Amino acid sequence: MKILAVFCLVMFLSVATVLADEMEPLLGMTSDFDAGTISIEVVSSGCTDKSSFRVDLTNDVLTVFRVRKDTCKAMPEKTAITFTVKEVGINPHQPFTIANPFLVNENLAGIVKLPESGHDALVNPVRGNE
């Protein structure tokens with residue numbers, strides 16, 4: 001009986017962990033070579049901080065996942081979260097790609113449904129003078 005209870009607990013926790021990580025729509029991103037940092041801009045209702053995110057760098061593609069929802073009740077606003085390039089695993093002398101979609105309208109950030117297939121499914125970017 002104890003083995004079954006432990007198995008159920010492990011299964012519940014592993015499913016909860018998988019479901020908790022969602023690709024975060026970004027409102028912006030900046031870098032500071034001299035400081036060795038990158039900052040992402042996201043929407044916060046008052047409870048978003050650095051621990052709300054997990055970053056993954058695979059094959060020079062950076063993906064930012066939200067691992068903890070912001071359940072505070074403040075008016076949503078844009079906030080910057082800063083990581084060092086060491087924390088993220090970025091080589092500051094090499095290019096990398098961002099997998100996350102970007103939004104211009106921060107009011108939509110909390111309600112937009114992201115495509116499940118990642119950045120390949122996003123609408124083609126607008127090109128100048130086309």
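For the numbers below, each heavy atom of this structure counts, side chains included, while hydrogens, waters and symmetry mates do not. Only a predicted model underlies this, so the values are computations on that prediction, with no experimental measurement involved. The first residue in the sequence is number 1, and the count goes up from there.
With rounding to the nearest 0.5 angstrom, the CD1 atom of Ile81 is 6.5 Å from the CG atom of Asp49. Of the inter-residue distances, the one linking Leu62 atom CG with Leu57 atom CG reads 6.0 Å to the nearest 0.5 angstrom. For the atom pair CG (Leu27) and CG (Asn100), the distance works out to 11.0 Å, reported to the nearest 0.5 Å.
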For residues 34-44, tabulate all N or O donor-acceptor pairs below 3.5 Å that involve a side-chain atom, not counting sequence neighbours.
residue	atom	partner	partner atom	Å
Ser39	OG	Thr82	OG1	2.7
Ser44	OG	Gly46	N	2.9
Ser44	OG	Thr48	N	3.4
Ser44	OG	Asp70	OD2	3.1

Kindly list each side-chain donor-acceptor pair under 3.5 angstrom involving residues 84-91, sequence neighbours excluded, with atom names and distances?
residue	atom	partner	partner atom	Å
Thr84	OG1	Glu87	N	3.0
Thr84	OG1	Glu87	OE1	3.4
Glu87	OE1	Lys50	NZ	2.9
Glu87	OE1	Thr84	N	2.7
Glu87	OE2	Lys50	NZ	2.8
Asn91	OD1	His93	N	2.9

Compile the donor-acceptor pairs under 3.5 Å between side chains in residues 71-78 and protein atoms, sequence neighbours left out, one pair per line.
none

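Residue pairs satisfying the ring-ring contact (aromatic ring centres under 6.0 Å, His included) criterion with at least one member in residues 34-91, sequence neighbours excluded, are absent.
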Practice prompt. Output, in order, the C-alpha distance, side-chain angles, deciding distance and verdict of salt bridge (charged side-chain N to carboxylate O under 4.0 Å, His left out) for Arg66 and Glu24.
Written response: CA-CA 6 Å; Arg66 184 176 284 269; Glu24 180 73 5; 2.9 Å; yes
Practice prompt. Go through the steps for Leu26 and Leu103 under the test side chain to side chain contact (heavy atoms under 4.5 Å, CB included), then give the verdict.
Written response: CA-CA 6 Å; Leu26 303 178; Leu103 293 172; over 6 Å; no
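Qualifying salt bridge (Lys or Arg N to Asp or Glu O under 4.0 Å) partners for Asp60, counting only residues two or more places apart in sequence or in other chains: none. Residues meeting the side chain to side chain contact (heavy atoms under 4.5 Å, CB included) test with Thr58, sequence neighbours left out: Asp56.
Across Phe33 and Pro92, no two heavy atoms sit closer than the pair CE1-CB, 3.9 Å.
With Glu22 as the partner, the salt bridge (charged side-chain N to carboxylate O under 4.0 Å, His left out) test is satisfied by one option alone out of Arg54, Arg68, Lys69: Lys69.
No donor-acceptor distance shorter than 3.5 angstrom exists from the side chain of Asn59 to the backbone of Val61, with no hydrogens or angles considered.
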